[in-house]
Asker: 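Below are the structure tokens for one structure; questions will follow.
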Amino acid sequence: MATPIYIDANEFMETLLAKGLVIVSAKDLVANKEIDRNRLMRRKALSLSEIVRAELLPLKTVKGVMDWIHSGKIKPGEWYQEKSGYKRVMVLTAAIKRLGYAE
């Protein structure tokens, strides 16, 4: 078995800082996610990718959100497609609140 190679902790931390990385506790990471979710929920509508990225619904993919739209779980008046720009499908935050996933 090969002998382990040890690195200097200060050198490791300096390397992380040089690359713009930091180590945070899981509690801080969860708190930051919650702040982002609350900020997003103050908007009128969110794109499908924003919903998935912020984990606002128990879905892992954009296709999963589209399936909820097609199945009627997200009602027809609760989503729309933008007419200009990227023509993204947008879901009203009221739909997320109605489904009980807004905290």
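Every value quoted in this text rests on a predicted model; they were computed, and no experiment measured them. For reference, positions follow the sequence shown, starting with 1.
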Asker: Step by step, would you call Y80 with V89 a side-chain contact (heavy atoms from CB on, under 4.5 Å)?
Answerer: CA-CA 6 Å; Y80 63 92; V89 174; over 6 Å; no

Asker: To check you understand the geometry: which heavy-atom pair defines the closest contact between L46 and L40, and what is its length?
Answerer: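 Here L46 and L40 meet closest at CD2-O, 3.6 Å.
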
Asker: Are K19 and T15 side-chain neighbours, meaning at least one heavy-atom pair lies under 4.5 Å?
Answerer: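 SC-SC contact between K19 and T15 confirmed.
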
Asker: Do you know which two heavy atoms are closest between A95 and I74, and how far apart they sit?
Answerer: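 Answer, listing the atom of A95 first, then I74: CB-CG2, 4.3 Å.
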
Asker: Using atom types as modelled and distance alone, determine if a side-chain donor or acceptor of T93 lies under 3.5 Å from a backbone N or O of R43.
Answerer: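 Present.
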
Asker: When clusters are formed by joining ILVMFWY residues with side-chain heavy atoms under 4.5 Å apart, either directly or through shared neighbours, do L29 and I35 land in the same one?
Answerer: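 Looking at the clustering, I35 is in a separate group from L29.
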
Asker: Roughly how far, to the nearest 0.5 Å, is the CG atom of D36 from the CZ atom of R53?
Answerer: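 CG of D36 is found 10.5 Å from CZ of R53.
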
Asker: Are R37 and E34 close enough for a salt bridge, meaning some N to O gap below 4.0 Å?
Answerer: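 Answer for the salt bridge query: yes.
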
Asker: Begin with the C-alpha distance, continue with both residues' side-chain angles, and end with the deciding distance and a verdict on side-chain contact (heavy atoms from CB on, under 4.5 Å) for L17 and V22.
Answerer: CA-CA 6 Å; L17 288 173; V22 293; 4.3 Å; yes

Asker: Please round to the nearest 0.5 Å and tell me the distance separating atom CD1 of I51 and atom CG of L59.
Answerer: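 Between I51 CD1 and L59 CG, I get 9.0 Å after rounding to 0.5 Å.
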
Asker: Between K73 and R98, what is the shortest heavy-atom contact and its length?
Answerer: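 Shortest heavy-atom contact: O-NH2, 2.8 Å.
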
Asker: With a 4.5 Å cut-off on side-chain heavy-atom distances among I, L, V, M, F, W and Y, is there a chain of contacts connecting V62 to M90?
Answerer: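 As far as the 4.5 Å side-chain criterion goes, M90 and V62 are not connected within one cluster.
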
Asker: Does M66 belong to the same Ile/Leu/Val/Met/Phe/Trp/Tyr cluster as V91, with side-chain heavy atoms less than 4.5 Å apart forming each link?
Answerer: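 M66 and V91: one cluster.
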
Asker: Taking the side chain from E78 and the backbone from K75, do they hold a donor-acceptor pair closer than 3.5 Å?
Answerer: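 Yes; at least one donor-acceptor contact below 3.5 Å.
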
Asker: What's the spacing between W68 CH2 and L57 CG if we round to 0.5 Å?
Answerer: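 These two atoms lie 5.0 Å from each other.
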
Asker: Closest heavy-atom contact between V52 and K60?
Answerer: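 In terms of heavy atoms, the two residues are closest at CG1-O, 3.3 Å.
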
Asker: Consider only side-chain heavy atoms of I, L, V, M, F, W and Y, link residues closer than 4.5 Å, and tell whether L21 and M13 are in one cluster.
Answerer: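 In one cluster with L21: M13, yes.
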
Asker: Show the nearest heavy-atom pair for residues I23 and F12, with the distance to one decimal.
Answerer: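 Minimum heavy-atom separation between I23 and F12: CD1-CE2, 4.1 Å.
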
Asker: Looking only at heavy atoms, what is the nearest atom pair of Y101 and L56, with distance?
Answerer: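 So the two residues come closest at CB-O, 3.2 Å.
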
Asker: How far apart are the C-alpha atoms of I69 and L48, what are their side-chain angles, what is the distance that settles it, and do they pass the side-chain contact (heavy atoms from CB on, under 4.5 Å) test?
Answerer: CA-CA 11 Å; I69 290 172; L48 301 182; 4.2 Å; yes

Asker: Looking at CD of Q81 and CZ of R88, how far apart are the two atoms once the value is rounded to the nearest 0.5 Å?
Answerer: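 That separation rounds to 11.0 Å.
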
Asker: Between K87 and E82, does at least one N-O distance fall below 4.0 Å, as a salt bridge requires?
Answerer: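 Between E82 and K87 there is no salt bridge, as every charged N stays at least 4.0 Å from the carboxylate O atoms.
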
Asker: Output the distance between atom NE2 (H70) and atom CH2 (W79), rounded to the nearest 0.5 Å.
Answerer: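 Output value for this atom pair is 7.0 Å.
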
